[in-house]
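To start, the structure under review is shown below, and the notes come after it.
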There are 2 protein chains.
Amino acid sequence: MSLQHILLGIIAEPKSGYDIKQEFDSSLKHFWFAELSQIYPALKKLVADDLARVEGVPSDKGPDKKLYSRTDAGTQALIDWLHTGPATSPVRHGFLGQVFFMGTQKDREAALKFFKELKAHYQARYAALQAVEAGWKAQCPTYPDGLGDDDFFMQMTLDAGLRFQRSYMDWCTNSIDRIKSRYHD
Amino acid sequence: MSLQHILLGIIAEPKSGYDIKQEFDSSLKHFWFAELSQIYPALKKLVADDLARVEGVPSDKGPDKKLYSRTDAGTQALIDWLHTGPATSPVRHGFLGQVFFMGTQKDREAALKFFKELKAHYQARYAALQAVEAGWKAQCPTYPDGLGDDDFFMQMTLDAGLRFQRSYMDWCTNSIDRIKSRYHD
DNA sequence: ATGCGCATGTAAGAGGTTACATGATTTT
DNA sequence: AAAATCATGTAACCTCTTACATGCGCAT
């Protein structure tokens, strides 16, 4: 349900499916992602529902680009989405399932290895978000509160990403300490 | 992919699909959940794959219960899963998508309302986890480090849940302050 | 000439949700 | 007498992933 709305948000400026995929991979990946094979049909559906229009333009290299942009109905559908209340569908965390049943396996070293790997994973994600933030800081010396109205809210999602990753990392660090003091002392 | 493994974890003791659903809703819901319509076929598949066995027993009320338990191959499959490394598939956060595009709508009060609703949502989840923790504390006076080996890891997932909810709440609080000081001063 | 980046898609399948279907017992 | 709880499932649908298919232009 959310993908359609997120696409509507992205095509405030005319964009092709290929452009959108790159935007997912660069600036949106901390909260959403989609494959091209999902994006193309979703854009078609927006047009079928009169929420977007297409315009074919020749490309420098490769086939023609299809640029999608919001119709007025599309903008309204986006705003309606913002008014339906926060989209907080519950989330599945496979790694917590693994921890939940980790007592099944008596190998303490395996448990430590697991948490160290998890911590490294979140550290990498954290570093990636910090790099995005650094780029933003370089562009705007009064970051974050001197940002324009649109960027203000976008930066909030980056702030959320940074906080959440830190929280995961802290939990890993603490868990490693607890395992060590329980089994290595 | 993870559901099968989580079911294997749960059926260390013989359990019916109905029992499992209740366990999801009570103690596992901070990291996983599943509908009965998904659980029943999944259990059948475990039996077909020789990872579980079934035993039909008469129930006090209602139809016969089918109790599922792990085979040795099932236990091995569970342990193998723990050795494949942390299951960190990326997560989609619809509400962050909404925040990302919140600048589209110029209504500041709507933005504040959104964040307050979100904060209330996470506060409710946090309170639910605290209640689970309180029950645990009542049972075990040396909580959390005096817990048995199995419970030790299970409690870690509760700790994770509490930390993550706090982190979401803090972000909401901070975002509300930022919106207020940007637009209400 | 081989592969990479640009640019479009389709098809099969896995995973998950919602709605439907059945029937017994216990509580209000 | 009606509703909730116990207990099993099936079917249609939606979302997302993985694999496949096509073809141009540019750099090595």
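Note on naming: letters A, B, ... go to the chains in the order of the sequence lines (proteins, then strands), and numbering restarts at 1 for each one. Bear in mind that the values here come from a model prediction, so they are computed numbers and not experimental data.
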Dump every N/O contact between nucleotides 9-14 of chain D and the protein below 3.5 Å, one line per pair.
residue, atom, partner, partner atom, Å
D:dG9, OP1, B:Lys66, NZ, 2.6

Near-ring test B:Phe164/A:Tyr168, centroid separation under 6.0 angstrom: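 Yes, they do, as the ring centres are separated by less than 6.0 Å.
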
Find the distance [X]:[atom1] to [N]:[atom2] and express it as a whole number of Å.
| X | N | atom1 | atom2 | value |
| --- | --- | --- | --- | --- |
| A:His5 | D:dT15 | NE2 | C1' | 15 Å |
| A:Trp32 | D:dC16 | CH2 | C1' | 10 Å |
| B:Ile20 | D:dT8 | CD1 | P | 9 Å |
| B:Lys45 | C:dG13 | NZ | C1' | 13 Å |
| B:Lys65 | D:dA7 | NZ | P | 4 Å |

For a quick check under 3.5 Å, do [X] and [Y] share a side-chain donor-acceptor pair by atom type?
| X | Y | value |
| --- | --- | --- |
| B:Tyr183 | A:Asp149 | yes |
| B:Ser167 | A:Arg163 | no |
| A:Gln76 | A:Asp80 | yes |

A:Arg92 vs C:dG16: side-chain N/O to OP1/OP2 distance below 4.0 Å: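 A:Arg92 to C:dG16 OP1/OP2: side-chain N or O found under 4.0 Å.
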
Distance below 4.0 Å between A:Ser59 side-chain N/O and C:dC6 OP1 or OP2: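 Indeed not, no polar side-chain atom of A:Ser59 lies that close.
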
Sugar-phosphate, base or nothing in reach of B:Gln22, heavy atoms under 4.0 Å: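 Since only primed, P, OP1 and OP2 atoms lie under 4.0 Å of B:Gln22, the category is sugar-phosphate.
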
Salt-bridge contact B:Asp150-A:Lys106 (side-chain N to carboxylate O under 4.0 Å):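 Salt bridge: yes.
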
Nearest-0.5 Å distance, CZ of residue B:Phe115 to CH2 of residue B:Trp171: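 Reported to 0.5 Å precision, the distance equals 4.0 Å.
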
Nearest-nucleotide pick for B:Leu3, side chain only, options being C:dT18, D:dA7, C:dG16: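 The closest nucleotide is C:dG16.
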
Minimum-distance nucleotide (side-chain atoms of B:Glu35 versus C:dT17, D:dA7, D:dT17):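 My answer, after comparing the listed nucleotides, is C:dT17.
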
